[in-house]
Amino acid sequence: MYYHIGRMLIDENFDEGKDCPVCRIKNKVEQRLAEQYLGEGVMEDSTRTEVNDLGFCSRHFDMLFAMKSKLGLALQASTRLDALKKILSRPTSAKQAKKQAKKLNEKTSSCVVCKYLNEHMIRYYKTIAEVYLGDSSFSDRLKSGNGFCFEHYQKLLEYSDHAGLKAKNYLSDLFEVQCRVIDNTKLKLKEFCDHHDYRNASKPLGEGKTALPDARSLFYGKE
Ligand SMILES: [Zn+2]
Ligand SMILES: [Zn+2]
């Protein structure tokens with residue numbers, strides 16, 4: 001079974017592009033989700049209640065702050081502070097303070113955007129495997145790409161059972177493309193390191209120029 005929206009973004013992003021296609025999908029979904037929290041939906045009671053309860057992580061607070069509606073964010077920050085203040089009471093002992101610290105830690109490490117982003121992304125990991133199962137041309141498209149960041153390679157493996165009867169082929173293709181991007185990045189890193197040998201200093205630095213940013217994308221994904 002395909003999710004309509006999922007398939008569209010998958011078709012748009014699984015190409016010969018250089019970056020992890022799942023990162024590109026994630027960035028688009030994240031942007032859309034974040035925008036919802038500053039749009040009209042913000043005034044709906046159910047949304048407000050959830051934002052008050054979960055809040056935003058620093059990444060998503062910054063993302064919202066970079067958007068146009070500062071007033072929407074200010075209103076949400078204000079009611080979120082009310083919710084957090086309710087947890088506070090004057091601690092009467094170190095034991096009670098520890099308890100409060102634990103509760104505060106729980107309440108300040110959640111994020112409403114992260115919550116929905118994770119849920120959406122799990123649908124995408126499953127749908128990518130389902131597209132592989134249903135569309136025989138998808139294997140070539142997957143292999144024409146440049147692999148995945150480690151987080152997304154790991155997620156695609158985790159949900160590969162959704163490729164059903166083709167799961168084995170799917171895993172084999174994923175493995176092939178991932179080994180290729182690791183080997184390519186290794187080559188670039190080698191060129192970069194070799195260039196730092198004084199005997200090679202006059203030689204131009206070709207592909208190795210992007211070695212460290214490429215390694216970063218491979219380790220941590222691309223924002
Ligand atoms: Zn990625
Ligand atoms: Zn977040």
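Read the numbers this way: they start at 1 and go in the same order the structure lists the ligands and their atoms.
No side-chain donor from either of Gln96 and Gln100 sits under 3.5 Å from a side-chain acceptor of the other. The closest side-chain donor-acceptor pair between His60 and Glu30 falls under 3.5 angstrom. Thr185 and Asp214 share no side-chain donor-acceptor pair at under 3.5 Å.
For the Zn ion (ligand 2), the neighbouring protein N/O/S atoms at less than 2.8 Å, given as residue and atom, are Cys57 SG, His60 ND1, Cys111 SG, Cys114 SG. Near the Zn ion (ligand 1), less than 2.8 Å away, sit the protein N, O or S atoms Cys20 SG, Cys23 SG, Cys149 SG, His152 ND1.
Under the side-chain contact (heavy atoms from CB on, under 4.5 Å) rule, Tyr124 has a single partner from Asn13, Val22, Ile10, which is Ile10.
Classified by interplanar angle (parallel below 30°, tilted 30° to 60°, perpendicular above 60°), the ring pair Tyr37/Phe56 is perpendicular.
Taken from CD in Glu207 to CD in Glu191, the straight-line distance is 7.0 Å, to the nearest 0.5 Å. For the atom pair NZ (Lys98) and CG (Asn105), the distance works out to 14.0 Å, reported to the nearest 0.5 Å.
If you chain together hydrophobic residues whose side chains sit under 4.5 Å apart, Val51 and Tyr116 fall into the same group.
Side-chain contact check for Leu189 versus Leu212: some heavy-atom pair is nearer than 4.5 Å.
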